[in-house]
Amino acid sequence: MSKKLVLFCDFDGTITEKDNIVSIVRKFAPPECETLIEQILTQKITIQSGVGQLFQMVPSSKKQEIIDFILEEAKIRPGFAEFVRFCREEGVELLITSGGIDFFVEPILAPFDLTGVPIYCNGSDFSGDHITITWPHHCDEHCSTGCGMCKTTIIRRYDPNQYFRVVIGDSITDLAGAKIADYVIARSLLAQKAQELQLPHRTFATFHEVIAILQDLKHQQEVS
Ligand SMILES: [Mg+2]
Ligand SMILES: [Zn+2]
């Protein structure tokens, strides 16, 4: 019996060319944010703690300015619209699993038809002086990584006996998920980590390449 293909696709640095959190804090937080960014990427502090602290450096009053800035700044990786269409036409289950924040993830994705595609990301509260991130999808009892938006919690809902679980991502925030997935489609730091850890993976630069990899998987593996 063939397994059903399910895709867990990252947002920042994957669907968008660059990491929007980094772009926003470099523009709107003081220079001390660099230390925190470095500590997150080198896993010295958890993503939840680091991202929470980063946004505590950004004034809530800048909300509209930040949204205008990021909508101007964010570039979608080529082939994304075709990728979404491919998944729909082929009946491949797609989830967007993002460590990003609702106030920029949702407007950036608004031009795309994502009917039936669940979008998981962090929440935000602008009621205080500085932005507070809320964590509606934090780690369950099986994960102690401090992910913020816990990708492994979502991946674990899909039985590996029934599903062939593919993580698509670019960075350290995808690593915990990549370790428990059946296959990884990676770029940048995640590709390097997947190589080091010898996880089954292929690399990509555009979503046209992701589509080609998925076609190969459907061809080679017993997946549908
Ligand atoms: Mg990313
Ligand atoms: Zn977690």
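Counting convention: from 1, in listed order, for ligands and their atoms alike.
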ask   = Are D182 and K3 ion-paired here, with the side-chain N under 4.0 Å from a carboxylate O?
value = no
Whether D10 side chain and I168 backbone form a donor-acceptor pair below 3.5 Å = no
message = Would K62 pass as a cation-pi partner of F28, given that its NZ or CZ must be under 6.0 Å from the six-membered ring centre and within 45 degrees of the axis?
response = no
message = Please name the atom of D10, limited to N, O or S, that comes nearest to the Mg ion (ligand 1).
response = OD2
ask   = Rounded to 10°, how many degrees is the angle SG/C143-the Zn ion (ligand 2)-SG/C150?
value = 110°
request  = State plainly whether the residues K27 and E73 are in salt-bridge range, i.e. N to O under 4.0 Å.
outcome  = no
task = Have a look at D12 and say which of its N, O or S atoms is nearest the Mg ion (ligand 1).
result = O
message = Report the atom name of the nearest N/O/S atom of D170 relative to the Mg ion (ligand 1).
response = OD1
